[in-house]
Amino acid sequence: MSSEKYYITTAIDYANGEPHIGHAFEKIGADVMARYHRLKGDRVHFLMGMDEHGLKVLQSATAEGISPQQWVDRIAASFEKAWRELLISNEDFIRTTQPRHHAAVHELIRRMTAADDLYKASYTGHYCVGCEAFKKEDELENIDGQLRCPLHPTREIEWTQEENWFFRLSRYQERLLKLLDEKPQFIEPEMRRNEIRRVIEGGLDDISVSRTKLPWGIPWPGDADHTVYVWLDALTNYLAATGFPADGYQDLWPATVHVIGKDITRFHCVYWPAFLMSADVAIHEGVWGHGFINFGGGKLSKSGGVRVELSETMNRHGPEALRYYLMADVPWNGDGDLSLERFDDRYVADLANNVGNLVNRTLSMIERYRGGVVPKAGRTSLDQSIASAVVRYRAAMDANFLHHGAAAAIELASAANGYIEERAPWSQAKDATRAADLDETLGALARGLAAVSTMLSPYLPERMSESLRRLGLSDVPRLDEVVTLDLAGKSVTRGDILFPRPEE
């Protein structure tokens, strides 16, 4: 059984608006990864949080006529409420306004200063407030005669001239390339790795890591005229949450995987490891750069003007059904389209008609034919299907192909429903000489239902826990127990329909 440390993080959400499905997609995916590793027996620590400094936050608070702290407190509460409703199982929620975060940022800057990697210089260039980043002209697009950031096409690009603290990123080009050569799995999926390699090979310029005239942020240590640039500030959260620089932070650090959107891979795969190298801190073990959800031809985002209300979509079939749909229908290693019609179809086909039907039929027949007690039975062809499904599931989940993991579980549910038709237990029950055959059928179905419920538990945590409770299990089995699980003698309860069809 595995017992490895698994420290997983998501991008900390920027506190300039309410949570939407684009945010939820990432958090649900990371939660499925975290829950899967708990199934394996790993020591999981799951971190999420809020990025609460920067110009956008200041502008949003000013527009509301409240202080930046009041604004971020309100936004953070809204995000945490959404994650509770979506059953996100994070162990920690960090906010960049917290003292523990400020202490980590100051220590990182102290170490980078000691490495002679920070210096002052004047900077003139384009600044995208949406990205909170300086942009080269070739990173911008001409839209209706104006330069725009392709990620934030509705925002004006600011021409900025000021004195900043700079980080000697150019020093780390060869070390970063060596990192990718020696550890290609550092960036996944492969397409993201190739993108970052091209960025590094194209040459790295030193980068600004402070701003002047920005009152909302972490003051630069020893220089009150400067504020720590939001990306040096924000990235440090992953380290701050471990207790850095206090003794014992290495119990969690380095992070196993940073789960982020593909639009911020440069910050996590170039800037962040270079900062850590400079500070002589171990580098995170990997980055998973997921794609975008598109709706109506555009990326879901507040700044891009493409939104689907999270609460309304959750209410359509419930938060857990939304979790399942997003993970099963949108590739975790690429982009995908959100379709409410497709959500309806998958809810009915996969959950109501397939998994829900298996739950109801299995438990009903055990109640009807065996008094609600799972009979003792030998292994059958369905057990072979269970074993092969678990192998496919484990391979998919270990590779972070969450959509393939969901498919393996649904295919097993289909196989179990097919087994019912093949064995026809209602006919076996009518013939006393076939009592052993009926026991074999019902015992195998109970094991099949337990396996399906276990495999789907990272996606549908409460519904699948309920399914397993109805099978007489108090906890979700470990993944390595599923193939040899013995449910003989367990008392079952049919209960209400787990996934009611819309008309019901």
Is the gap between the ring centers of F275 and W231 under 6.0 Å? no
Taking atom types as modelled, find out whether T97 and E52 have a side-chain donor-acceptor pair closer than 3.5 angstrom. yes
Can you check whether H317 and F343 have ring centres sitting under 6.0 Å from each other? yes
Identify whether the distance between the nearest side-chain nitrogen and carboxylate oxygen of R171 and D206 falls below 4.0 Å. no
Between S122 and E163: side-chain donor-acceptor atoms closer than 3.5 Å: no
Between the main-chain N or O of A104 and the side-chain N or O of T236, is there a donor-acceptor pair closer than 3.5 Å? no
Measure from the side-chain N and O atoms of H106 to the backbone N and O of P219, and report whether any donor-acceptor pair falls under 3.5 Å. yes
With a 6.0 Å cut-off (strictly less than), is the heavy-atom count around NZ of K120, excluding the residue itself, greater than 12? yes
Does the side chain of N90 pick up a donor-acceptor pair with the side chain of W83 at under 3.5 Å? no
Using only heavy-atom distances, determine whether the side chains of S67 and Q70 contain a donor-acceptor pair under 3.5 Å. yes
Apply side chain to side chain donor-acceptor pair (under 3.5 Å) to the pair H101 and N237, showing each step before the final yes or no. CA-CA 6 Å; H101 177 71; N237 89 89; over 6 Å; no
Just checking, any donor-acceptor pair under 3.5 angstrom between side chains of W253 and H284? no
Do you know which of F186, F267, Y238 makes ring pair (Phe, Tyr, Trp, His ring centres under 6.0 Å) with H258? Y238
Answer yes when R111 and E107 have at least one side-chain N-carboxylate O distance shorter than 4.0 Å, and no when they do not. yes
Can you tell whether the side chains of R394 and D398 come within less than 4.0 Å, N to carboxylate O? no
Please determine if E4 and R38 form a salt bridge, counting it only when a charged side-chain N lies under 4.0 Å from a carboxylate O. no
Looking at R192 and E195, is any side-chain nitrogen of the basic one under 4.0 Å from a carboxylate oxygen of the acidic one? yes
A quick test of your reading: do over 12 heavy atoms of other residues, nucleotides or ligands sit less than 6.0 Å from CD of E156? no
With a 6.0 Å cut-off (strictly less than), is the heavy-atom count around NZ of K81, excluding the residue itself, greater than 12? no
Is atom CD of Q250 surrounded by more than 12 heavy atoms (other residues, nucleotides or ligands) closer than 6.0 Å? yes
So that I can tick it off, tell me whether D233 and R211 are bridged by a salt bridge, with the cut-off set at under 4.0 angstrom between side-chain N and carboxylate O. no
Does a side-chain N-to-carboxylate-O contact under 4.0 Å join K40 and D480? no
Short N-O contact, R316 and E312, less than 4.0 angstrom: no
Centroid separation under 6.0 Å, is that true for the rings of H403 and W332? no
Tightest non-hydrogen contact, residues Y393 and P458, listed as OH-CG, 3.5 Å
I'd like to know if R323 and E320 make a salt bridge, using a cut-off of under 4.0 Å between side-chain N and carboxylate O. no
State whether R100 and D92 are salt-bridged, where the test is any N-O pair (Lys NZ or Arg NE/NH1/NH2 against Asp/Glu carboxylate O) under 4.0 Å. yes
So, the side chain of E141 versus the backbone of C149: is there a donor-acceptor pair under 3.5 Å, distance only? no
Intermediate values then yes/no, side chain to side chain contact (heavy atoms under 4.5 Å, CB included), L460 and L351: CA-CA 10 Å; L460 300 150; L351 300 184; 3.9 Å; yes
Which heavy atom of A409 sits nearest a heavy atom of V452, and at what distance? O-CG2, 4.0 Å
What's the verdict on ring-ring contact (aromatic ring centres under 6.0 Å, His included) for H37 and H45, showing C-alpha distance, side-chain angles and the deciding distance? CA-CA 10 Å; H37 279 270; H45 189 81; over 10 Å; no
May I ask you to check whether D117 and Y172 show a side-chain donor-acceptor distance below 3.5 Å? yes
With a 3.5 Å cut-off and no angle check, do the side chains of T212 and D225 form a donor-acceptor pair? no
Using a 6.0 Å cut-off, check whether atom CG of D280 has over 12 heavy atoms from anything other than its own residue. no
Between D51 and R95, does any NZ, NE, NH1 or NH2 come within less than 4.0 Å of an OD or OE carboxylate oxygen? no
Judged by atom type as modelled, is there a donor-acceptor pair below 3.5 Å linking the side chain of R266 to the main-chain atoms of I196? no
Do any N or O atoms from the side chain of S78 and from the backbone of R74 form a donor-acceptor pair under 3.5 angstrom? no
Given 3.5 Å as the limit, does a donor-acceptor pair link the side chain of H23 with the main chain of H20, or not? yes
Any sub-3.5 Å donor-acceptor pair from K27's side-chain atoms to I88's backbone N or O? no
K262 charged N/C atom sitting above F292 aromatic ring, 6.0 Å / 45°: yes
